[in-house]
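Note on naming: letters A, B, ... go to the chains in the order of the sequence lines (proteins, then strands), and numbering restarts at 1 for each one. Excluded from the calculations below are hydrogen atoms, water molecules and symmetry mates; all remaining heavy atoms, backbone and side chain alike, are included.
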Amino acid sequence: MDERTYAADAEPGATVTVAGWVHELRDLGGIAFLIVRDTTGRIQVKLEKDEMDADMVDTALDANRESVVRVDGAVEEEPRAPTGVEVVPTDVEVIAEADTQLPLDPSGKVGAELPTRLDNRTLDLRREEAQAIFEIRAEVLRGVRDAFRAHKATEINTPKIVATGTEGGTELFPITYFGEEAFMNQSPQLFKQLMVGSGVERVFEIGPIFRAEEHNTPRHLNEATSIDFESAFYDHTEAMDVCETVVTAAYDAVAENCERELEALGLAEEFEAPSGDFPRLTYEEAIERINATDALDEQLVWGDDLPTEGEHALGQDVGEHYFITDWPADIKPFYIKNHDDDETLSTGFDMMHPRMELVSGGQREHRHDRLIAGFEQQGLDPEQFEYYTKMFNYGMPPHAGWGLGGERLIMTMLGLDNIREAVLFPRDRQRLSP
RNA sequence: GCCCGGGUGGUGUAGUGGCCCAUCAUACGACCCUGUCACGGUCGUGACGCGGGUUCAAAUCCCGCCUCGGGCGCCA
């Protein structure tokens with residue numbers, strides 16, 4: 001089918017072969033219209049019963065919705081057709097028949113619930129809106145990559161099967177690796193740190209992370225895409241600068257190259273890239289502002305982690321992306337460095353969208369003895385992490401970085417209600433297939 | 001892990017003890033219709049998650065199971 005013409009490219013006067021899915025068949029009696037849909041859009045095929053080959057007309061009229069068809073014919077200008085052109089067919093072939101009872105309606109006349117859609121993702125992705133999300137996702141990844149490359153970062157790929165957990169804390173998926181106990185990696189954290197001590201110095205990775213938490217919320221996945229950055233000779237403020245740049249670049253890329261997709265999602269009017277200059281609140285300011293909103297039953301005190309409800313209240317109050325910096329050292333992971341002039345304060349930071357946390361980062365502890373002490377304090381055996389800690393004996397520069405939840409970025413960018421909308425085949429507590 | 005809510009034709013829904021051999025839309029089948037664009041019209045097919053219980057009577061109330069969604073915790 002190498003001379004196939006896409007629906008959007010059919011020019012009046014041309015003789016074409018179009019191929020795609022039967023979107024709809026409108027039979028008006030003497031005349032009928034077959035709407036064929038492909039990845040570029042839809043095109044109308046005219047069927048005049050008295051004037052065309054009867055077998056061909058019957059073939060077209062018998063085609064079920066969503067069957068794959070090929071139509072040969074002449075493209076004619078026709079103001080009454082939806083796209084201004086229509087195909088006057090000379091031949092119609094049903095290439096692959098679809099059942100009449102579909103598990104969901106790709107034309108979108110009747111909605112389907114998310115589980116039904118995910119069970120039938122292929123059909124779901126025939127819908128313009130679903131397709132648009134993944135075109136935008138691809139553009140976000142491209143925009144992010146370009147921004148990292150412009151920042152002289154090298155893209156890396158680190159192992160997803162690992163011998164030990166990364167930071168402790170979150171649950172890991174255990175697997176068997178040739179008879180040995182192993183795990184699915186929860187984060188590229190340790191590996192990207194090993195890279196800043198190498199000659200590569202500044203790295204980023206876009207890859208899967210696995211978390212075995214049994215949570216069941218619209219913003220968690222058990223397999224997610226992490227966008228990670230790490231650079232030698234950076235402190236936490238420089239890491240935040242890069243974070244702003246990268247997130248803004250993702251929005252800019254979408255605004256620039258995804259007009260059609262934003263239109264399909266009904267976002268063309270309101271879509272706006274952030275300023276690229278996110279407010280930086282200290283943890284102390286954050287809890288004060290949350291307390292001032294009176295959203296919480298109990299006032300937060302220094303040392304508390306931010307509850308979800310508090311995050312929402314603060315997000316509403318700030319109204320744009322923002323950072324929370326200078327967290328109490330106790331509630332940030334041990335591999336994050338504390339301020340030199342105040343050991344109770346961490347250089348760790350979170351970057352928040354008004355709806356939820358997007359990024360977590362900080363300057364890393366690069367001093368070997370401090371790192372070992374941190375492992376011990378965390379109840380982890382430093383011996384098990386020797387592959388990692390020993391490199392801190394061979395010249396590990398100061399460094400900083402962060403991890404960004406890819407699906408969360410897309411979810412908040414597009415105002416999706418459920419993070420599963422941003423993954424083709426999501427993995428959650430209940431879902432292992434497709 | 002704790003807590004809450006839901007499962008009705010293929011899909012999305014109405015129905016909170018008798019008015020229900022179950023509503024509506026869409027899809028599907030038949031027929032009518034030569035410019036539809038969610039085409040229209042007439043007729044028709046098709047469902048109460050599973051098991052037990054209460055009751056004269058259960059989609060509706062109770063119990064168990066299965067299954068799905070959500071809130072919190074934790075995180076990205």
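Annotation: salt bridge (Lys or Arg N to Asp or Glu O under 4.0 Å) contacts of A/R429 (sequence neighbours excluded): A/E214. For A/D58, the side-chain contact (heavy atoms from CB on, under 4.5 Å) criterion is met by no residue, not counting sequence neighbours. Partners of A/M184 under the side-chain contact (heavy atoms from CB on, under 4.5 Å) rule, at least two apart in sequence or in another chain, are A/F173, A/I175, A/F210. For A/K192, the salt bridge (Lys or Arg N to Asp or Glu O under 4.0 Å) test picks out A/D228, A/E230, with sequence neighbours left out. Partners of A/E97 according to the side-chain contact (heavy atoms from CB on, under 4.5 Å) rule, which considers only residues two or more places apart in sequence or in another chain, are A/N64, A/S67, A/V94. Applying the salt bridge (Lys or Arg N to Asp or Glu O under 4.0 Å) rule to A/R202 yields no partners; only residues at least two apart in sequence or on another chain are considered. For A/R260, there are no side-chain contact (heavy atoms from CB on, under 4.5 Å) partners, not counting sequence neighbours.
Near RNA chain B, meaning a heavy atom under 4.0 Å from it, residues 220-231 of chain A has A/H220, A/L221, A/A224 in order of number.
Residue contacts shown for A/D27 include a base, since a base heavy atom lies under 4.0 Å away. Nucleic acid contact for A/L358: sugar-phosphate only, since backbone atoms but no base atoms lie under 4.0 Å from a heavy atom of the residue.
You'll find the ring centres of A/H236 and A/F349 outside the 6.0 Å limit.
Nearer to the 5' terminus of RNA chain B, by closest-nucleotide assignment, is the contact made by A/D428 (compared with the other of A/D428 and A/D350).
Contact annotation: A/T308 side-chain N/O to B/G73 OP1/OP2 distance is under 4.0 Å. Residue A/R420 places at least one side-chain N or O under 4.0 Å from the OP1 or OP2 atom of B/G70. For A/K46, no side-chain nitrogen or oxygen approaches OP1 or OP2 of B/G35 to under 4.0 Å.
Under the Watson-Crick and G-U wobble criteria, each requiring two contacts below 3.5 Å, nucleotide B/U23 is left unpaired. Of all nucleotides present, only B/G53 satisfies the Watson-Crick or G-U wobble test against B/C61, with each distance under 3.5 Å. With a cut-off of 3.5 Å on both Watson-Crick or G-U wobble distances, the partner of B/G1 is given as B/C72. B/U42 and B/A30 make up a base pair, with Watson-Crick or G-U wobble contacts both under 3.5 Å. The partner of B/U13, taking Watson-Crick or G-U wobble pairs whose two distances both stay under 3.5 Å, does not exist in any strand shown. Remark: B/G7 base-pairs with B/C66; criterion is Watson-Crick or G-U wobble with both hydrogen-bond distances under 3.5 Å.
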Please list every donor-acceptor pair under 3.5 Å in which a side-chain atom of residues 101-123 of chain A meets a protein atom from a residue at least two apart or in another chain.
{"unit_1": "A/D105", "atom_1": "OD1", "unit_2": "A/R65", "atom_2": "NH2", "d": "2.7"}
{"unit_1": "A/D105", "atom_1": "OD1", "unit_2": "A/S107", "atom_2": "N", "d": "2.9"}
{"unit_1": "A/D105", "atom_1": "OD1", "unit_2": "A/S107", "atom_2": "OG", "d": "2.8"}
{"unit_1": "A/D105", "atom_1": "OD2", "unit_2": "A/S107", "atom_2": "OG", "d": "3.2"}
{"unit_1": "A/D105", "atom_1": "OD2", "unit_2": "A/K109", "atom_2": "N", "d": "2.9"}
{"unit_1": "A/D105", "atom_1": "OD2", "unit_2": "A/V110", "atom_2": "N", "d": "3.1"}
{"unit_1": "A/K109", "atom_1": "NZ", "unit_2": "A/E24", "atom_2": "OE2", "d": "2.4"}
{"unit_1": "A/R117", "atom_1": "NE", "unit_2": "A/D124", "atom_2": "OD1", "d": "2.9"}
{"unit_1": "A/R117", "atom_1": "NE", "unit_2": "A/D124", "atom_2": "OD2", "d": "3.3"}
{"unit_1": "A/R117", "atom_1": "NH1", "unit_2": "A/E421", "atom_2": "OE2", "d": "3.1"}
{"unit_1": "A/R117", "atom_1": "NH2", "unit_2": "A/D124", "atom_2": "OD2", "d": "3.3"}
{"unit_1": "A/R117", "atom_1": "NH2", "unit_2": "A/E421", "atom_2": "OE1", "d": "2.9"}
{"unit_1": "A/D119", "atom_1": "OD1", "unit_2": "A/R431", "atom_2": "NH1", "d": "2.7"}
{"unit_1": "A/D119", "atom_1": "OD1", "unit_2": "A/R431", "atom_2": "NH2", "d": "3.3"}
{"unit_1": "A/N120", "atom_1": "ND2", "unit_2": "A/T116", "atom_2": "O", "d": "2.9"}
{"unit_1": "A/R121", "atom_1": "NE", "unit_2": "A/L424", "atom_2": "O", "d": "2.8"}
{"unit_1": "A/R121", "atom_1": "NH1", "unit_2": "A/D124", "atom_2": "OD2", "d": "2.7"}
{"unit_1": "A/R121", "atom_1": "NH2", "unit_2": "A/R420", "atom_2": "O", "d": "3.4"}
{"unit_1": "A/R121", "atom_1": "NH2", "unit_2": "A/V423", "atom_2": "O", "d": "2.7"}

Worksheet item: If the sugar-phosphate is the primed atoms plus P, OP1 and OP2 and the base is the rest, what is the B/S/- string for nucleotides 7-13 of chain B, using protein heavy atoms under 4.0 Å?
Response: ---BBSS

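With hydrogens and angles left out, the side chain of A/R211 and the base of B/A76 share a donor-acceptor pair within 3.5 Å. Within 3.5 Å, a donor on the side chain of A/R408 pairs with an acceptor on the base of B/C75, or the reverse.
Nucleotides B/C31 and B/U13 are separated by 33 Å at their P atoms, to the nearest Å.
In this structure, the nucleotide among B/G35, B/C75, B/U34 sitting nearest to the side chain of A/E51 is B/U34.
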Short N/O separations, protein against nucleotides 48-50 of chain B, under 3.5 angstrom:
none

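Pairs passing the side chain to side chain donor-acceptor pair (under 3.5 Å) check and including a residue from residues 301-311 of chain A, sequence neighbours excluded, do not occur.
At distances below 3.5 Å, at least one donor-acceptor pair connects side-chain atoms of A/R149 with backbone N or O atoms of A/A153.
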